[in-house]
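So the structure is just underneath, and the comments pick up after that.
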Amino acid sequence: TMKDLSELNPGKNSLMIATHSINEMSLDERKAIDYNKFSYIFINHNSNFEKVDNQKYFRSINKSLTNHTIQQFQSPIQMSHFFFIGSKNG
């Protein structure tokens, strides 16, 4: 459940891997995710899903992750797919 997700404590050197899973969640469900808990992040997402602008969403997450270095880029293979990859600083 989403309550369980918000209580997640991944620990040191944790890796979040999400391939098209987060981008298919509603915006309300995504609020339960604390990206700052993860040391490393690998997310693959579509540009849009069910009228949600995922590029805009992940740009806002990027701005909120002040303790991470994030790279966002378009897939060279499928132009409608994007990557959000990062690691915690220090």
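The shown structure was predicted, so the numbers you read here are calculated from the model rather than taken from an experiment.
- With rounding to the nearest 0.5 Å, the separation of CG in Asn67 from CG in Leu65 is 8.5 Å.
- In this structure, CD1 in Ile17 is found 13.0 Å from OH in Tyr40, a value given to the nearest 0.5 Å.
- For the pair Asn23/Tyr57, no side-chain contact is recorded, criterion being any heavy-atom separation below 4.5 Å from C-beta on.
- Two different hydrophobic clusters hold Phe42 and Met25 under the rule that ILVMFWY side chains link at heavy-atom gaps under 4.5 Å.
- For Lys37 against Ser14, the heavy-atom pair with the smallest separation is O-OG, 3.4 Å.
- Among all heavy-atom pairs drawn from Arg30 and Glu24, the shortest one is NH2-N, 4.3 Å.
- The side-chain contact (heavy atoms from CB on, under 4.5 Å) test applied to Ile77 returns Ser75, not counting sequence neighbours.
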Step-by-step side-chain contact (heavy atoms from CB on, under 4.5 Å) determination, Glu50 to Val52: CA-CA 6 Å; Glu50 294 187 357; Val52 173; 5.5 Å; no
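- For Gln72, the side chain to side chain donor-acceptor pair (under 3.5 Å) partners are Asn62, not counting sequence neighbours.
- Within the model, atoms CE of Met16 and CD1 of Ile43 stand 5.5 Å from one another, a figure rounded to the nearest 0.5 Å.
- Note that the CG atom of Asn54 and the CZ atom of Phe58 stand 6.0 Å from one another [nearest 0.5 Å].
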Show me the side-chain donor-acceptor pairs of residues 79-90 shorter than 3.5 Å, one per line, residues at least two apart or across chains.
unit_1, atom_1, unit_2, atom_2, d
His81, ND1, Gln78, OE1, 3.1
His81, NE2, Asn46, OD1, 3.1
His81, NE2, Gln78, OE1, 3.4
Lys88, NZ, Asn36, O, 2.7
Asn89, OD1, Thr69, N, 3.4
Asn89, OD1, Thr69, OG1, 2.5

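- Partners of Lys31 according to the side chain to side chain donor-acceptor pair (under 3.5 Å) rule, which considers only residues two or more places apart in sequence or in another chain, are Asp28.
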His45/Thr19 under side-chain contact (heavy atoms from CB on, under 4.5 Å): CA gap, chis, key distance, verdict: CA-CA 6 Å; His45 64 87; Thr19 58; over 6 Å; no
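- For the atom pair NZ of Lys56 and CD1 of Ile61, the computed distance is 12.5 Å after rounding to the nearest 0.5 Å.
- A distance of 13.5 Å separates CZ in Phe49 from CD1 in Ile22, rounded to the nearest 0.5 Å.
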